[in-house]
2 protein chains.
Amino acid sequence: MKNNVTMRDIADKLGVSSVTVSKALNDKEGVGEELKLKIKALAEQMGYRYNAMAKSMKEGLSYNIGVIIPERFAGTEQSSFYLNVYKSITKILENKGYYGILNILSHSDEKQLNLPRIYNENKVDGFIILGQISKAYIQKIQEIDIPKVFLDFYDEHADIDSITTDNFYAAYELTNYLFRNGHQEIAYVGNLYSTSSIQDRFLGYYKSLLEHGRLLKQEFIINDRDEEGTYIDIKLPETLPTAFVCNCDQVAHNLVQKLNKAGYKVPEDCSVVGFDNDLYATITDPALTTVEVDIEQMATNSVNFILEKLKDKNKTFGRVLVKGKIIYRNSVQKL
Amino acid sequence: MKNNVTMRDIADKLGVSSVTVSKALNDKEGVGEELKLKIKALAEQMGYRYNAMAKSMKEGLSYNIGVIIPERFAGTEQSSFYLNVYKSITKILENKGYYGILNILSHSDEKQLNLPRIYNENKVDGFIILGQISKAYIQKIQEIDIPKVFLDFYDEHADIDSITTDNFYAAYELTNYLFRNGHQEIAYVGNLYSTSSIQDRFLGYYKSLLEHGRLLKQEFIINDRDEEGTYIDIKLPETLPTAFVCNCDQVAHNLVQKLNKAGYKVPEDCSVVGFDNDLYATITDPALTTVEVDIEQMATNSVNFILEKLKDKNKTFGRVLVKGKIIYRNSVQKL
DNA sequence: CTGAAAGCGCTTACAG
DNA sequence: CTGAAAGCGCTTACAG
């Protein structure tokens, strides 16, 4: 790109030094007001574009943040949630003069503990890891020396800063709501060993059970996916509960279809609640009572945290919870 | 980042020059095999990470490609399609040593013709513009001097390279399929002035009508969205056609709901076909016969084109069409 | 207020 | 095979 106009070109035309041009264009002290205006005008006229790379080079800062999403969460249909979060992150970063580079972490790279190339090439100043990664990979990530934040999951053994929805409390409140509506036999749908979110939602559900003096029945913990996270056929328990707490809307949607096929109507025969308030919540018939995740707040926090950590390496935030919001719709029947 | 290890650090430890280290690490000619191995081993041991910025600085190439998505297409729910395309682009770019930086073009920046900051800061070597932008913005984009490719839309007045699904032909084939199934009264749902895709799909539908000796009825062209692209309430024509060709699955989904509410069953009373084969195609009851867009192929083309143009400024590709694939499901009744 | 010098970490082109 | 020099386009710190 030899044909690009640089500060020096402007300087030469005006018979000043490039230092002065730099100061003028950056509105820094040490340039006469008149000269500054002249420089800016000429820059405009010459079609000057700032070269962020040169600054980066000097500072050793790329002004890029890497956003890592494990492949399985950026898959086909389900992808929208994390990609949407990424989109929010990008917008917020841009307002702060940073850019988000998306990195899909492939299954094989995750297994072989290969760090992303954006790290190996010094392309980013920090990482936002969006979506649960393997224990081993968490450890690998922890060893690297640039700021990082976990988003939408955490690891109890790692003291990386994390931002998650308050899954525990939201599921607790949602289950309480079912009790308030007269339900006593309540099942949970989700693989307890899949992600911290699903586990915490389960524990919130369980806390509500405990507080209402109900016993936890094994047959009321219903698996929904295999170890890879692929959805499996949901098995209805022999005796139907009066309500199901599902770990996410998509699974709730599948459950409703399953129930319909088995001849049960929702919510007349059986209530169902979900989590996420995504597309599946509204396309399900009836529309699902669910928990809305505050994507904007989560994205904002993750960006703020990473930028703070960039400024101060020792800054930590710990495990930060973002409140969810229950959305009441028509999938719950008052008994 | 003073604590980063550089090629010079490695060179000093080994008593060689940084030029030699550079050659060794890049597997270039001009280093003894033995020395090369020694250098590589030491680099590994010292935790050396390549600084891509320095190379970029030297070459004037960022190895970043900007992917611009207009805000209205990256909105809330509908977002998944373009974000998914972006995801594919990112993955393909990464395999070629490039990175994709997402840029959501806001309404106001589009109106005020503000070029993205990634352009003004020389952060990217080229642009993939994903989703129709205003005429004025197209012109603005055309004036800039770096390679760009339009993805999923084109402009008849601009000679920028573009990649789109073969909307015209796919809609033509889809409508032919309806005729083959005995339909004669076929309506089209979509705003003809909204995007080139919707318009071309309409024209494909019309071509099929012409070939089957049918007249185009104005009341069978049904609007689905306003100028901003927001969906409006669909008005059913006074006399119902036997089939509807919808410009996208989401609108087809809305239409089916509308028909159901009006007491019509699909496909018994009326057939409906969509376009895109997205989530809405399968959640609609009955599942929609539709056209699958080849995201992977479109993403691959856009990346290949932009990289070719990076190598050779004068290379052009013109308007490239990617074949769609009709997916047959249960929303069409044989008459 | 203005600018000469040095440096960020590489690579290219050339000389030995 | 090996390396000294110059340069990519800025900015910082210092001197005038």
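Chain letters run A, B, ... following the sequence lines, proteins first, then strands; residues in each count from 1.
- In this structure, Y63(B) places its OH atom 10 Å from P of dT11(C), rounding to the nearest Å.
- Atom CG in D109(B) sits 10.5 Å away from atom CD1 in I68(B) (nearest 0.5 Å).
- Dashed line: the shortest gap from a side-chain N or O of S17(A) to OP1 or OP2 of dT2(C) is not under 4.0 Å.
- Formation of a donor-acceptor pair under 3.5 Å by the Y119(B) side chain with backbone atoms of G66(B) is not found in this model.
- Note: CG (L25(A)) to P (dT11(D)) measures 8 Å, nearest angstrom.
- In this entry the distance linking OH of Y50(A) with P of dC10(D) reads 8 Å, nearest Å.
- The distance from atom CG of L61(B) to atom P of dT11(C) is 14 Å, rounded to the nearest whole Å.
- M7(B) comes within contact range of the sugar-phosphate backbone alone, with a heavy-atom separation under 4.0 Å but no base atom that close.
- The distance from atom NZ of K55(B) to atom P of dC8(D) is 18 Å, rounded to the nearest whole Å.
- Listed nucleotides: dC10(C), dT11(D), dG3(D). Nearest to the side chain of S18(A): dT11(D).
- Of all nucleotides listed (dT12(D), dC8(D), dG3(D)), dT12(D) comes nearest to the side chain of V19(A).
- Side-chain proximity of N51(B) to dC10(C), dT2(D), dA4(C): nearest is dC10(C).
- One can place CE of M53(A) at 13 Å from C1' of dC10(C), the figure rounded to the nearest angstrom.
- Between F305(B) and F317(B), the ring planes lie parallel to each other; the angle is under 30°, not in the 30° to 60° tilted range.
- Note on G32(B): only backbone sugar-phosphate atoms sit closer than 4.0 angstrom, heavy atoms only; bases stay farther off.
- In this structure, N4(B) does not reach the dG9(C) phosphate: none of its side-chain N or O atoms is under 4.0 Å from OP1 or OP2.
- Not a single donor-acceptor pair under 3.5 Å links the side chain of D125(A) to the backbone N or O of L61(A).
- Rounded to an integer number of Å, the gap from R8(B) CZ to dA6(D) C1' is 13 Å.
- Not a single donor-acceptor pair under 3.5 Å links the side chain of T316(B) to the backbone N or O of G318(B).
- Candidate nucleotides dT11(D), dC10(C), dT2(D) were compared by shortest atom distance to the side chain of L35(B), and dT2(D) ranks first.
- Using N1 to N3 plus N6-O4 or O6-N4 for Watson-Crick, or N1-O2 and O6-N3 for G-U wobble, each under 3.5 Å, dG16(D) pairs with dC1(C).
- Looking at the side chain of A54(A), the nearest of the listed nucleotides dT2(C), dG9(C), dC10(D) is dC10(D).
- For a distance-only test at 3.5 Å, the side chain of K58(A) fails to qualify as a donor-acceptor partner of the base of dG9(C).
- Across the protein-nucleic acid pair, M57(A) atom CE and dT11(D) atom C1' stand 13 Å apart, rounded to whole Å.
- The phosphate of dT12(D) (OP1 or OP2) has a side-chain N or O of K28(A) nearer than 4.0 angstrom.
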